[in-house]
Structure formats: structure tokens, C-alpha cells
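Worksheet: one structure, shown below.
We use all heavy atoms of the structure for the numbers below, so side chains are in, but hydrogens, waters and symmetry mates are not.
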Amino acid sequence: MEAPRARTPQAVLFACGYNAVRSPMAESLLQQMFPQGLYVRSAGAKKGELDPFAVAVMAELGQDISHHKPTTFEELEDWEGLNFDLIITLSPEAHHKALDLTRTLAADVEYWPTHDPTGTEGTREQKLAAYREVCDGLLLRIRRRFAKASAASG
């Protein structure tokens with residue numbers, strides 16, 4: 001059981017390896033949950049290409065991430081600064097990067113180890129199933145983590 005948070009974050013950054021699958025999914029899921037209440041972005045430890053399976057799985061939920069442009073921590077910092085009070089990392093690489101950044105940033109960091117579905121072998125349907133599993137897991141964690149904020153704003 002996690003300790004209750006002192007405050008609900010106002011700005012959340014999701015981070016993974018390439019900002020191509022897990023973090024854009026999480027960004028979209030949380031953004032839909034709080035369309036006005038939260039500032040949500042995502043970034044990667046390295047620059048990637050948006051994954052078409054991630055786009056397809058999110059489209060099944062009625063969420064369009066097809067215009068997402070994978071971004072690195074450095075690009076995000078250059079464009080808008082890293083003014084986040086919570087960074088949720090989904091891969092070890094992103095977690096290390098976030099911990100490095102928080103030496104100079106006042107942000108909480110949470111690590112949610114999340115499977116990378118990009119290496120899944122098999123048919124299109126088997127690959128989509130792996131991406132759906134990741135998406136479902138993220139949605140569950142997001143609902144659990146931000147339930148209090150949802151109750152407060154609703």
C-alpha cells in the first residue's frame with residue numbers, strides 16, 4: 001500500500017525509452033481522464049518513431065495519438081522547460097534519466113515498470129493483444145494513482 005500523496009500533481013510527465021508506445025499511451029489516457037485539470041506530456045530517453053500498433057490500440061479506445069511526435073527529455077526541456085511536479089517513468093532507462101534530472105528539479109519520480117510490447121512476435125492480432133495488455137495495465141495504474149484527484153474534481 002502506497003502512502004497517500006500530500007498533494008495532487010498539476011503537471012505530469014510520462015517517460016519511457018523512445019516515447020513511441022508506452023508514454024504516449026499513458027499521456028493520452030490521463031489527458032482524457034482530466035481534460036482541463038492536469039497538464040500532461042510524455043518524453044523518451046531517446047528519440048523514437050511513433051509505433052503504428054500503439055496508434056491502433058488507442059484508436060480502439062476512441063483516442064487519436066496519430067499526431068504524437070516522439071520527444072526526448074532534452075527537446076522537451078528546450079521547448080517548454082521541465083516544469084512537472086510528477087514524473088512517472090515506465091522503463092529503466094527513462095527512470096535513470098528522470099532521477100538525474102531531479103537533482104536540479106523539484107519533481108517527484110515514480111517508477112512503474114511497464115513491459116515493452118515492441119518485441120512481440122507473431123500475427124498482427126498477437127502483437128495487438130500485447131499492446132492492448134500494456135494499455136490496460138497503464139489504464140489500471142493511472143486510475144488507481146489518480147482516483148483521489150478524479151473524486152476531488154468530479
Side-chain angles (χ1 to χ4, degrees), residues 2 4-118 131-154:
E2 286 183 31
R5 299 282 184 269
R7 61 194 164 87
T8 300
Q10 301 300 302
V12 179
L13 176 66
F14 286 100
C16 67
Y18 293 96
N19 192 220
V21 178
R22 295 165 287 181
S23 53
M25 283 179 161
E27 176 186 358
S28 181
L29 291 167
L30 184 58
Q31 192 68 60
Q32 187 182 42
M33 222 176 273
F34 298 97
Q36 277 84 42
L38 274 180
Y39 180 75
V40 186
R41 288 289 176 268
S42 63
K46 295 187 195 120
K47 185 87 165 178
E49 292 294 320
L50 184 60
D51 189 296
F53 285 105
V55 174
V57 166
M58 294 307 290
E60 292 173 355
L61 298 176
Q63 296 186 36
D64 181 7
I65 64 167
S66 64
H67 301 293
H68 174 77
K69 300 273 183 268
T71 305
T72 64
F73 280 100
E74 291 77 14
E75 289 170 332
L76 193 63
E77 190 170 21
D78 289 347
W79 293 336
E80 58 182 76
L82 291 171
N83 301 318
F84 298 94
D85 40 26
L86 176 60
I87 301 173
I88 298 173
T89 60
L90 308 173
S91 73
E93 196 176 10
H95 191 64
H96 293 302
K97 193 110 178 147
L99 291 176
D100 280 346
L101 287 170
T102 55
R103 290 181 189 152
T104 57
L105 294 175
D108 293 328
V109 178
E110 292 179 18
Y111 180 39
W112 297 0
T114 305
H115 171 70
D116 180 356
T118 59
Y131 282 73
R132 286 184 193 113
E133 195 175 308
V134 167
C135 184
D136 291 347
L138 286 170
L139 186 56
L140 191 64
R141 297 252 353 218
I142 288 167
R143 282 185 177 146
R144 232 185 274 141
R145 171 63 177 85
F146 293 94
K148 286 182 179 64
S150 178
S153 67

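Every residue two or more places apart in sequence or in another chain that forms a side chain to side chain donor-acceptor pair (under 3.5 Å) with T118 is listed here: D116. Among residues two or more places apart in sequence or in another chain, the ring pair (Phe, Tyr, Trp, His ring centres under 6.0 Å) test is passed with H95 by Y111. With sequence neighbours excluded, the residues that form a side chain to side chain contact (heavy atoms under 4.5 Å, CB included) with T114 are R22, L90, W112, V134, L138. With sequence neighbours excluded, no residue satisfies side chain to side chain contact (heavy atoms under 4.5 Å, CB included) with P35.
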Verdict with reasoning, Y39 to N83, per side chain to side chain contact (heavy atoms under 4.5 Å, CB included) | CA-CA 10 Å; Y39 180 75; N83 301 318; over 6 Å; no
Can you check side chain to side chain contact (heavy atoms under 4.5 Å, CB included) on I142 and F14, steps first, answer last?
-> CA-CA 11 Å; I142 288 167; F14 286 100; 4.1 Å; yes
What's the verdict on side chain to side chain contact (heavy atoms under 4.5 Å, CB included) for L99 and T89, showing C-alpha distance, side-chain angles and the deciding distance?
-> CA-CA 10 Å; L99 291 176; T89 60; over 6 Å; no
Criterion side chain to side chain contact (heavy atoms under 4.5 Å, CB included) on S42 and H68, from CA distance to verdict = CA-CA 10 Å; S42 63; H68 174 77; 3.3 Å; yes
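The shortest distance between side-chain heavy atoms of P9 and F146 falls below 4.5 Å.
Residues L13 and A43 come closest through the heavy atom pair CD1-N, 3.8 Å. Heavy atoms only, all atoms of each residue included: F73 and L101 are closest at CD2-CD1, 3.2 Å. Contact between L38 and A11 at its shortest, heavy atoms only, is CD2-N, 4.4 Å. Taking every heavy atom of both residues into account, G17 and S91 meet most closely at N-OG, 3.3 Å.
Checked by atom type and distance alone, the side chain of S28 never pairs as donor or acceptor with a backbone atom of I65 at under 3.5 Å. With hydrogens and angles disregarded, no donor-acceptor distance shorter than 3.5 Å links the side chain of D108 to the backbone of L86. Distance alone, capped at 3.5 Å, is enough to place a donor-acceptor pair between the K47 side chain and the P70 backbone.
Between the CG atom in D78 and the OG1 atom in T71 there is a gap of 11.0 Å [rounded to 0.5 Å]. The distance from atom CZ of R145 to atom CD of E110, rounded to the nearest 0.5 Å, is 4.0 Å. One distance of note links CZ of R41 with CG of N19; it measures 11.0 Å at 0.5 Å rounding. How far CE of M33 is from CG of L139: 5.0 Å, rounded to the nearest 0.5 Å.
Residue pairs satisfying the salt bridge (Lys or Arg N to Asp or Glu O under 4.0 Å) criterion with at least one member in residues 65-74, sequence neighbours excluded, are listed as follows: E74-K97.
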If you look only at distance, which donor and acceptor atoms sit under 3.5 Å apart when one is on a side chain in residues 48-58 and the other is two or more places apart or in another chain?
{"unit_1": "D51", "atom_1": "OD1", "unit_2": "F53", "atom_2": "N", "d": "2.7"}
{"unit_1": "D51", "atom_1": "OD1", "unit_2": "A54", "atom_2": "N", "d": "3.4"}
{"unit_1": "D51", "atom_1": "OD1", "unit_2": "Y131", "atom_2": "OH", "d": "3.3"}
{"unit_1": "D51", "atom_1": "OD2", "unit_2": "Y131", "atom_2": "OH", "d": "2.8"}

